[in-house]
Amino acid sequence: MEFIVLILIGLLSSILGSLVGIGGGVIVVPALMFFGLTLGLLPAITPQTAVGTSSMLLIFTGMSAMISYARNKQVDKQNGILFLIGLMPGAFAGSYASSLFTVDSFNLYFGIFLIFISILLVIRNKIKPMKVFQNPKYLKPHRDNQGNIYHYGFPPYLAITITFIVGFITGLFGIGGGVLMTPLMLMVFRMPPTIAIGTSMMMVFFSGVSSAFGHVLQNNVVYWYILMLVPAAVVGATIGVKINQRFSSDALVVLLRTVLFILGLYLILQTIL
């Protein structure tokens, strides 16, 4: 039964995660906790091992999706490297802070966090671009996979500071960074959705490496589960990227915020009921 459950978690989470650029960790962690702590089908799961195992899985999911998006010219490598300077050390630090969570506190804070992000995505078009990002000094043209040209850019110091905070939350919740980086790239950095999602998967891969390293040192990774999750996740990530090509940018944003809201509401109800 463990085998079937883990295969389904790996496949479905990576399809949806790579489709909307969140990596799947936001789905893997609640799923592992539900099947492990609520149903008792995954006996090795605790809040900490769910986060650690998810972080390790995101290395493989992120790598698979990142390579596919890079082939489709949907990854902004230059700015992606800049983001990683802050993201990776933040993820390592957050992995150690995850030891403070109980089951209920994890579900509650994670749920509130997801609903907050979904609301931001609903109002993102009403938020005016920050003036600091409109300085011609930083604006550069970028072409997406459909041939559209966008102009965006940002000060390096600000990008590094923001992504360090994102990285910390990534390691804390085992979510790979995509769930925060994608909305940030859309709303704050004003990147087009097609490029933001592809670049987000680059963040998922590298933040997963950093976060997983911290969790390995704390023995928070269930390697037997990883062996079953990874093959399904790699296949699912490839499927998600292919499906992504058939969606418009606006449709992807709607899907992303809907998924986040539903997951957030579910986690909060788990705490209350």
Among residues two or more places apart or on two chains, list those pairs meeting ring pair (Phe, Tyr, Trp, His ring centres under 6.0 Å) that have a residue in residues 25-56. none
Would Val222 and Ile226 count as a side-chain contact (heavy atoms from CB on, under 4.5 Å) if you check the C-alpha gap in whole Å, the side-chain angles of each, and the deciding distance to 0.1 Å? CA-CA 7 Å; Val222 184; Ile226 287 293; over 6 Å; no
Give a yes or no on whether Phe154 and Ile162 share a hydrophobic cluster (residues Ile, Leu, Val, Met, Phe, Trp, Tyr; joining criterion: side-chain heavy atoms under 4.5 Å apart). yes
Give a yes or no on whether the backbone of Ala70 and the side-chain of Gln74 come within a donor-acceptor separation of less than 3.5 Å. no
Residue pair Asn79 / Tyr152, side-chain heavy-atom distance below 4.5 Å: yes
Report yes if the side chains of Pro30 and Phe110 come closer than 4.5 Å at any heavy-atom pair, otherwise no. yes
Are more than 12 heavy atoms from other residues, nucleotides or ligands located less than 6.0 Å from atom OH of Tyr96? yes
Checking side-chain contact (heavy atoms from CB on, under 4.5 Å) between Val221 and each of Tyr225, Trp224, Tyr223, which is the one that passes? Tyr223
Please check if the side chain of Ser211 supplies one atom and the backbone of Gly208 the other of a donor-acceptor pair under 3.5 Å. no
Within the structure provided, determine whether Pro47 and Val29 are in side-chain contact (heavy-atom separation under 4.5 Å). no
Apply side-chain contact (heavy atoms from CB on, under 4.5 Å) to the pair Leu32 and Leu6, showing each step before the final yes or no. CA-CA 8 Å; Leu32 289 175; Leu6 291 168; 4.0 Å; yes
State, to 0.1 Å, how close Thr61 and Ala237 come at their nearest heavy-atom pair, and which atoms those are. O-CB, 3.9 Å
Centroid-to-centroid, Phe189 to Phe83, below 6.0 Å? yes
Can you find a side-chain donor-acceptor pair between Thr49 and Thr46 that sits under 3.5 Å? yes
Apply the test side-chain contact (heavy atoms from CB on, under 4.5 Å) to residues Val216 and Met56: give CA-CA distance (whole Å), side-chain angles for both, the deciding distance (0.1 Å), then the verdict. CA-CA 9 Å; Val216 167; Met56 180 67 74; 3.6 Å; yes
Could you check if a side-chain atom of Ile115 sits within less than 4.5 angstrom of a side-chain atom of Leu260, using non-hydrogen atoms only? no
Considering all heavy atoms of both residues, which atom of Ser207 and which atom of Leu87 are nearest to each other, and what is their separation? CB-CD2, 3.6 Å
